[in-house]
Each structure stands twice: as C-alpha cells, then as structure tokens.
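In what follows, every heavy atom counts, from backbone to side chain, and hydrogens, waters and symmetry copies are set aside. Since this is a predicted model, take the numbers as computed values, not measurements.
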Amino acid sequence: MSDYIKDREESVKKLSAEQVLPNVQWFPGHMTKARRIITENLKLVDVVIELLDARIPYSSANPMLQEIIADKPKAVALNKADLADPAITREWVSYFRSQGVQAVAVDSTQGKGTKQLVKLTEELAKAKTEKLVSKGAKARAARVMILGIPNVGKSSLINRLAGSNKAKTADKPGVTRAKQWIRLAAGLELLDTPGILWPKFDDMNAGLKLAFTGAINDEAIDRELITGVFLDTMIKQYPERIKERYKIGADLPETSGELLELIGRKRGCLLKGGIIDLEKVQRIVLTDFRSGKLGTISLDMPPEN
C-alpha cells in the first residue's frame with residue numbers, strides 16, 4: 001500500500017465534519033428561507049410526506065422538520081427501498097410506527113409501495129377533508145406537501161404518482177427550484193417544494209453517509225477520503241458484497257487503502273508503470289454503491305429504544 005494512502009487513513013480519524021466536507025457550507029439565511037417557505041404553505045395542505053433515503057433514514061432526515069410541521073399529520077416514505085437491505089427497512093417501518101408515525105417503503109422507479117402511500121395519505125387527510133364538507137364546503141382531493149433533502153428522489157416519486165413527467169428530474173441535487181402544485185392521477189393534489197432543507201452536520205457520520213449516496217454533490221467532497229471511509233464501512237458491515245462484486249476470493253484487506261488498490265488491479269485501473277488510477281477506482285466504487293450493483297445495503301440502523 002502506498003505511503004500516501006496510509007497517511008490518509010491515519011489522518012481521517014482526526015478530521016472534523018468541516019474538514020471532511022470542506023466545500024459544503026451552511027448559510028443561516030438559506031435555512032431561514034427554507035423554513036419560511038414551508039411555514040407559509042403548511043396551512044394549504046392536509047398532510048406532510050417526509051421522504052427519506054431507505055438506505056440512511058436517520059442521516060437523510062431533517063432534525064428541524066418536526067418542529068416546523070408541529071401537529072400537521074405526517075407520513076414517512078422510505079424511498080429507494082430497492083437499494084436498501086429489506087430486513088433493515090422493515091425494522092425502520094416498525095420503528096416509525098412505534099413512534100406513532102406511519103411509514104411506507106417505496107421504490108419510485110418501479111412504483112412499488114406507491115399505492116400504499118397514496119392510501120395512507122388519504123386516510124391521514126380524511127379528518128380534515130370530512131370536516132370541511134361538514135361545514136358546507138365542496139368535497140375536494142387531499143392536499144399534500146412533500147419534503148426531503150436534495151437527491152432523495154422527490155421528483156421521481158412525484159412523476160410516478162402523477163403518471164407522467166410533471167416534475168423536473170436530474171441525477172444531481174437541487175434540481176427543484178421553486179414550489180409547484182401538481183395534480184396527481186391518484187387523486188391527490190401535491191405541493192412540491194425545493195429540496196433545500198438539509199440537516200446540519202452536527203453528526204459527521206450523517207454527513208459522510210449523505211456523501212456516500214450522492215446527496216451531496218461530488219464536487220463538494222474529498223472523493224478519495226469519502227471512498228476510503230465508505231470501504232472501511234463495507235469491510236465491517238458487508239464484506240461479502242465487496243468480495244462478490246470485485247471477484248475477491250481471499251480474505252479482504254484490513255484497510256480501505258489496500259482494498260482500493262486491490263479493486264484497482266482487479267478492474268485494470270492502471271496507469272503507466274503499474275500505478276493504480278485511484279480517481280477511476282473511486283468513481284467505480286461509489287457508482288457501484290449508488291446504482292445498487294453492490295447489492296441491497298443499509299447504513300443506518302433504527303434506534304433500539
């Protein structure tokens with residue numbers, strides 16, 4: 001293993017969140033604007049759907065959200081469930097229910113779980129819509145606000161529910177720029193908002209996991225460092241997935257640096273002189289995880305209590 005990689009491995013344990021994710025900056029005005037947008041529009045909806053990444057439900061949640069929505073009925077949609085460990089996702093659904101919050105595992109790409117989510121949303125909105133009718137108002141569809149951090153799959157879910165591409169999508173964070181009302185084919189009216197409610201990185205581990213999944217733009221992270229931490233995690237939690245994907249028959253190396261070099265040689269990522277093309281290997285590893293080629297993986301476990 002090169003001395004450079006070894007030095008990086010030793011230094012990562014000493015870094016703060018600001019050093020690990022140096023270009024991700026949090027502006028008080030940014031958070032204030034986000035809060036104002038949500039607060040001003042909450043009165044227009046009956047239910048809030050909090051969209052989380054099923055692989056990292058804790059890390060992709062905004063700790064400020066419950067304070068903002070107060071007593072408004074809320075459901076949790078664990079999106080990208082096709083990429084998460086199904087057993088752990090079931091544990092998360094049970095955990096949320098134990099906390100009095102209804103949760104549904106969703107795969108917005110294939111549409112799995114969307115009908116269940118619609119049904120749950122209508123049930124949560126029923127008290128409000130029936131109350132309006134009892135007061136003489138005309139019956140109307142349930143109105144929903146969907147909230148989630150950037151790149152958690154909000155636009156893809158909306159398009160699946162709507163049956164057409166009514167919300168702009170892209171493979172990078174922050175595409176949705178302004179609020180928009182969308183009438184869904186399922187009979188719901190949905191208020192979409194920009195994915196600007198990010199958690200503060202008081203917890204460095206949460207920030208790292210957001211970087212693993214691509215919720216933070218790769219241009220704002222130290223990809224080499226992030227990939228190293230990710231491989232350390234995989235060595236501990238999912239070693240067999242790494243061995244299977246990269247055809248490693250023997251035991252895995254103990255360090256991420258050695259593993260990165262091994263994967264590079266297995267994939268032929270070599271420069272002149274047999275030097276490993278580290279940037280190419282890093283891209284391969286992160287892309288394999290984000291696309292599900294490493295298998296179903298969950299990096300957040302629900303609290304025991």
Side-chain angles (χ1 to χ4, degrees), residues 38 41-55 57 60-62 65-66 68-135 137-149 152-167 169 176 179-193 195 296 298 302:
I38 303 305
N41 291 283
L42 268 176
K43 60 181 178 291
L44 302 177
V45 301
D46 309 317
V47 180
V48 170
I49 294 176
E50 182 179 14
L51 194 60
L52 305 178
D53 187 322
R55 297 167 295 180
S60 59
N62 188 308
L65 184 59
Q66 192 55 50
I68 294 172
I69 68 174
D71 296 329
K72 186 73 67 174
K74 184 184 84 168
V76 167
L78 297 170
N79 198 29
K80 303 186 181 182
D82 55 311
L83 302 177
D85 186 322
I88 296 178
T89 298
R90 286 193 293 270
E91 291 183 27
W92 271 106
V93 170
S94 297
Y95 168 75
F96 281 116
R97 289 175 179 170
S98 73
Q99 301 299 304
V101 178
Q102 294 297 311
V104 179
V106 175
D107 171 6
S108 57
T109 302
Q110 299 296 324
K112 295 180 180 179
T114 54
K115 290 182 179 179
Q116 185 180 357
L117 180 62
V118 169
K119 183 179 179 181
L120 174 59
T121 303
E122 291 175 335
E123 290 175 354
L124 290 173
K126 196 172 182 179
K128 175 68 175 293
T129 54
E130 288 185 348
K131 183 178 181 181
L132 291 173
V133 173
S134 69
K135 291 184 176 181
K138 184 179 179 180
R140 63 166 174 78
R143 293 176 178 172
V144 186
M145 178 185 290
I146 187 166
L147 299 175
I149 66 171
V152 77
K154 292 199 298 123
S155 296
S156 296
L157 176 60
I158 293 169
N159 289 338
R160 170 61 61 174
L161 293 172
S164 62
N165 294 329
K166 293 190 176 182
T169 62
T176 306
K179 70 177 183 180
Q180 54 180 328
W181 278 102
I182 300 171
R183 185 176 295 277
L184 304 181
L188 301 177
E189 291 181 355
L190 187 144
L191 178 61
D192 187 30
T193 53
T296 54
S298 292

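Counting heavy atoms from C-beta on, the side chains of K74 and V101 come closer than 4.5 Å. Residues I146 and I158 form a side-chain contact, since some pair of their non-hydrogen atoms from C-beta on lies under 4.5 Å apart. In this structure, E189 and L191 have side chains that are not in contact, with every pair of non-hydrogen atoms separated by 4.5 Å or more. Contact of the I38 side chain with the M145 side chain is registered, since non-hydrogen atoms from C-beta on lie closer than 4.5 Å. Contact of the E122 side chain with the L188 side chain is registered, since non-hydrogen atoms from C-beta on lie closer than 4.5 Å. Under the 4.5 Å side-chain criterion, counting only non-hydrogen atoms from C-beta, L78 is in contact with F96. Annotation: side chain of L157 is in contact with side chain of L117 (closest heavy-atom distance under 4.5 Å).
Of the inter-residue distances, the one linking R55 atom CZ with D85 atom CG reads 12.5 Å to the nearest 0.5 angstrom. How far CG of D46 is from NZ of K126: 14.0 Å, rounded to the nearest 0.5 Å. Interatomic distance, I49 CD1 to L190 CG, rounded to the nearest 0.5 Å: 6.5 Å.
With a 6.0 Å radius and a threshold of 12 heavy atoms from other residues, nucleotides or ligands, K43 has its NZ atom above the threshold.
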Would you check, one step at a time, whether the test side chain to side chain contact (heavy atoms under 4.5 Å, CB included) holds for L124 with V144?
CA-CA 10 Å; L124 290 173; V144 186; over 6 Å; no
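Taking every heavy atom of both residues into account, P302 and Y95 meet most closely at CB-CB, 3.9 Å. Summarising the geometry of A103 relative to V93, their closest heavy-atom pair is O-CG1, 3.7 Å, with the distance given to 0.1 Å. The two residues T89 and A84 come nearest to each other via the heavy atoms OG1-CB, 3.5 Å. In plain terms, the two heavy atoms of L65 and E50 that are nearest each other are CD2-CD, 3.2 Å.
Remark: side-chain polar atoms of K128 are not paired, donor with acceptor, to backbone N or O of R143 under 3.5 angstrom. In this structure a side-chain-to-backbone donor-acceptor pair under 3.5 Å is present from S60 to D53. A donor-acceptor pair under 3.5 Å is formed between the side chain of K72 and the backbone N or O of L42.
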Let me have the donor-acceptor pairs involving side chains of residues 104-116, under 3.5 Å, with sequence neighbours excluded, atom names and distances please.
| unit_1 | atom_1 | unit_2 | atom_2 | d |
| --- | --- | --- | --- | --- |
| D107 | OD1 | T109 | N | 3.1 |
| D107 | OD1 | Q110 | N | 3.3 |
| S108 | OG | N79 | OD1 | 3.3 |
| T114 | OG1 | G111 | O | 2.7 |

